[in-house]
A.B. asks: 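Have a look at this one before I ask anything.
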Amino acid sequence: MSSARITALEAEVAGLRKALVSRTVIGQATGLIAARKPCTPQQAFQLLVHISQHHNIKLHVAADRLVTAFVHAHLGRPVDLADQMLWDHVDATTANESGGSDDGFAEEASSTSP
């Protein structure tokens, strides 16, 4: 097998490993959102997508930050303010039962202040 082929395969394996880690953390964040809000896992995933787009961060990064903030809060460690803002966004967003928005979620009129 050529050196170029081995390098290509190593890069592919690295990409697959990264995708597996990203998928896992996205699933964890989706589960946390679904447990925290009265919504289905599909709605929780759509909320995660909404948060990712609203804050202009990659989906797996938003998921990782939400999971990290949750773990830190439950262990009594300080939570990064930017990560807490993501959870505040989760709390301020409700499932839109009427289906009026494209992503199935609408921002609540009242803001939540810490």
A.B. asks: Stepwise, does the side chain to side chain contact (heavy atoms under 4.5 Å, CB included) test hold for Leu9 with Met1?
C.D. replies: CA-CA 11 Å; Leu9 289 172; Met1 189 175 290; 3.8 Å; yes
A.B. asks: Report the distance from atom CD1 of Ile51 to atom CE of Met85, rounding to the nearest 0.5 Å.
C.D. replies: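 Those atoms lie 11.5 Å apart.
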A.B. asks: Linking I/L/V/M/F/W/Y whenever their side-chain heavy atoms sit closer than 4.5 Å, directly or via other members, would Leu81 and Ile57 fall into one cluster?
C.D. replies: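 Hydrophobic grouping puts Leu81 apart from Ile57.
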A.B. asks: Leu66 and side chain to side chain contact (heavy atoms under 4.5 Å, CB included): which single residue from Val61, Val25, Leu48, Asp83 fits?
C.D. replies: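 Exactly one option meets the side chain to side chain contact (heavy atoms under 4.5 Å, CB included) with Leu66, and it is Leu48.
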A.B. asks: Crowded around Arg36 CZ? As in, over 12 foreign heavy atoms under 6.0 Å?
C.D. replies: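 Above 12, so yes.
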A.B. asks: Look at the side chain of Arg65 and the backbone N and O of Asp80, then say whether any donor-acceptor pair between them is shorter than 3.5 Å.
C.D. replies: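 The answer is no, because no donor-acceptor pair under 3.5 Å joins these two groups.
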A.B. asks: Could you give the distance from OG1 (Thr68) to CZ (Arg77), rounded to the nearest 0.5 Å?
C.D. replies: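 Interatomic distance, Thr68 OG1 to Arg77 CZ, rounded to 0.5 Å: 10.5 Å.
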A.B. asks: Over 60° means perpendicular and under 30° means parallel, so classify the ring planes of Phe70 and Trp87, tilted if in between.
C.D. replies: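 Tilted, since the angle between the ring planes falls between 30° and 60°.
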A.B. asks: Enter the distance from His55:NE2 to His50:NE2 here, rounded to the nearest 0.5 Å.
C.D. replies: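 Nearest 0.5 Å value for the NE2-NE2 distance: 7.5 Å.
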A.B. asks: Strictly distance-based, threshold 3.5 Å: is any side-chain N or O of Lys37 a donor or acceptor partner for the main-chain N or O of Val90?
C.D. replies: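 Yes: the side chain of Lys37 pairs with the backbone of Val90.
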A.B. asks: Check each of Leu32, Ile26, Ile33 against Thr30 using the side chain to side chain contact (heavy atoms under 4.5 Å, CB included) test, and report the only one that passes.
C.D. replies: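 With Thr30 as partner, side chain to side chain contact (heavy atoms under 4.5 Å, CB included) holds for just one option, Ile26.
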A.B. asks: What distance separates Leu47 CG from Gln43 CD, expressed to the nearest 0.5 Å?
C.D. replies: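 Between atom CG of Leu47 and atom CD of Gln43 there are 9.5 Å.
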